[in-house]
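Everything on this sheet refers to the single structure shown next.
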There are 2 protein chains.
Amino acid sequence: MARPDAIADGAEVSDAALRDFVGYQMKRAFNVLQADLTRTLEPFGLRMLTYSALALIVQNPGLRPSQLATALAVERANVVVYVDQLEEAGWVIRAPSPEDRRAYALQCTLAGRRVYARAEAAVKAHDARMLHGLTRDEVGTLRKAFALIEGRA
Amino acid sequence: MARPDAIADGAEVSDAALRDFVGYQMKRAFNVLQADLTRTLEPFGLRMLTYSALALIVQNPGLRPSQLATALAVERANVVVYVDQLEEAGWVIRAPSPEDRRAYALQCTLAGRRVYARAEAAVKAHDARMLHGLTRDEVGTLRKAFALIEGRA
DNA sequence: TATTGTTATACTCTATAACTATA
DNA sequence: TATAGTTATAGAGTATAACAATA
């Protein structure tokens, strides 16, 4: 029954069915944002996840990996890799936990705080770049929508 | 200089630095949406990308893989895999292109149109589920923001 | 028994490089 | 030369299962 139609070579490709699909539009936007953020953080030797982990450790000295996993909404197993990378870079140390000998107290080094401060400025600029053209209210709506969707988990 | 502070064990973890980071909030929301969509499409043997590819082939009979890659905003090499899977499932065929012997005219089978129709209904329900709680205007703002960010590429 | 950090593994998404057959 | 489809590969994100040490 599938007739081998001729190709619409120069013709426009219709994406009508996908324009209504908000999840797909979000994916495409996120891909662009993610690519820009990767380029933004690359000079610092960071990615979105290592940057986010570093931010949480800077602001919560003594944080344990399991707490970090919860805060980042990822599995514990993946956090091991982020902390490995941050530790190899000399930005974070795994200090022994005084309360629980199974756990570690994640501490930020001076170099870690310094790279974070510089990266933070770059990330703020990235955010502003991505949201340029939206009003304050529209950005507020965006944040509200993200929080709402995240709460659907 | 890095003092091994005590762990704030039961204490709240501050994510103040990340609450301002819109890209990160978007990532978290997208992770939740993506997980829900994966569950939604799993019964049909589809994922976001194979569903999207199928939608474009249904609506654009004779589409060539390179056109599909452009429409999906992914590299040609990745499209090969999507088409392989759709073809193995019996939903799409690679018909010879009458104009260019290097190319294929992608055609949808009857089974392909049927599974797409059923999956489309499920995806619409998924979208509604994710956006429930937002006004029509807010969803409009969301779409506008996604289009704007995607245009930053 | 349960939890912490860890290792191993697997699947998906994405991109690049290089190949072939055509153009 | 350039393009279409393909293959191979690599990096990143995510998740699950299982283990040793400790609670």
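Order of the sequence lines sets the chain letters (A, B, ...), proteins ahead of strands, with each chain counted from 1. The structure displayed is predicted, hence computed values, not measured ones.
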Review point. With hydrophobic residues grouped by side-chain heavy-atom distances under 4.5 Å, do A:Val32 and B:Leu33 end up in a single group?
Key: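 No: no chain of side-chain contacts under 4.5 Å links A:Val32 to B:Leu33.
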Check your understanding: Does A:Val22 share a hydrophobic cluster with B:Leu148, counting links as ILVMFWY side-chain heavy atoms below 4.5 Å and allowing steps through other members?
Key ->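 Yes, one cluster joins them.
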Point to revise | chain A footprint on DNA chain D, 5' to 3' - any atom under 4.0 Å from a heavy atom | key: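 The protein-touched segment is D:dA12 to D:dA23.
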Point to revise | Side chain B:Arg101 and base C:dT22 donor-acceptor under 3.5 Å | key: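 It does not, because no donor-acceptor pair links the side chain of B:Arg101 to the base of C:dT22 below 3.5 Å.
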Point to revise | Selection residues 144-153 of chain B - residue pairs positive for side-chain hydrogen bond (donor to acceptor under 3.5 Å, both in side chains), sequence neighbours left out | key: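 Residue pairs with at least one partner in residues 144-153 of chain B: A:Arg28-B:Glu150, A:Glu138-B:Lys144.
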Check your understanding: Do A:Phe146 and B:Phe30 have ring centres separated by under 6.0 Å?
Key ->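 Here the rings of B:Phe30 and A:Phe146 have centres that are no less than 6.0 Å from each other.
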Point to revise | Residue-level proximity of residues 19-31 of chain A to DNA chain C when a heavy atom falls under 4.0 Å | key: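 Residues of residues 19-31 of chain A that come under 4.0 Å of DNA chain C are, in numerical order, A:Lys27, A:Asn31.
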Check your understanding: Which residues in residues 38-53 of chain A have at least one heavy atom lying under 4.0 Å from any atom of DNA chain D?
Key ->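 Those residues whose heavy atoms fall under 4.0 Å from DNA chain D, taken from residues 38-53 of chain A in numerical order, are A:Arg47, A:Leu49.
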Practice item. Can you sort out which residues in residues 76-83 of chain B have a heavy atom within less than 4.0 Å of DNA chain D? Ascending by number, please. Key: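 Those residues are B:Arg76, B:Ala77, B:Val80.
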Point to revise | B:Leu54/B:Phe44 under side-chain contact (heavy atoms from CB on, under 4.5 Å): CA gap, chis, key distance, verdict | key: CA-CA 12 Å; B:Leu54 183 59; B:Phe44 304 103; over 6 Å; no
Figure out the [atom1]/[atom2] separation between [X] and [N], and round it to whole Å.
{"X": "A:Arg102", "N": "C:dT7", "atom1": "CZ", "atom2": "P", "answer": "17 Å"}
{"X": "B:Gln34", "N": "C:dC13", "atom1": "CD", "atom2": "P", "answer": "7 Å"}
{"X": "B:Leu72", "N": "C:dT14", "atom1": "CG", "atom2": "P", "answer": "9 Å"}

Check your understanding: Shortest non-hydrogen contact from A:Leu46 to A:Ala119?
Key ->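 For A:Leu46 versus A:Ala119, the nearest heavy atoms are CD1-CB, 3.8 Å.
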Point to revise | Smallest separation among heavy atoms of B:Phe21 and A:Val123, with atom names | key: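 Closest pair (atom of B:Phe21, atom of A:Val123, distance): CE1-CG1, 3.5 Å.
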Measuring only between side-chain heavy atoms, which start at C-beta, is [X] closer than 4.5 Å to [Y]?
{"X": "B:Thr50", "Y": "B:Val81", "answer": "no"}
{"X": "B:Asp36", "Y": "B:Met130", "answer": "yes"}
{"X": "B:Arg143", "Y": "A:Arg19", "answer": "no"}

**Study point:** Heavy atoms from other residues, nucleotides or ligands near CZ of A:Arg129 exceed 12 (cutoff 6.0 Å)
**Key:**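 Check passes, neighbour count above 12.
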Point to revise | Any residue meeting side chain to side chain contact (heavy atoms under 4.5 Å, CB included) with A:Arg94, in chain and number order, not counting sequence neighbours | key: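 Here the qualifying residues are A:Val80, A:Val83, A:Asp84, A:Glu87, A:Tyr104, A:Leu106.
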Exercise for review: Examine C:dT6: is either OP1 or OP2 under 4.0 Å from a nitrogen or oxygen in the side chain of A:Arg94? Give yes or no.
Suggested key: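 It does, given that an N or O in the side chain of A:Arg94 lies less than 4.0 Å from OP1 or OP2 of C:dT6.
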Point to revise | Spatial distance of atom CD (B:Gln67) from atom CG (B:Leu72) [nearest 0.5 Å] | key: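 Spacing of CD (B:Gln67) from CG (B:Leu72) equals 11.5 Å.
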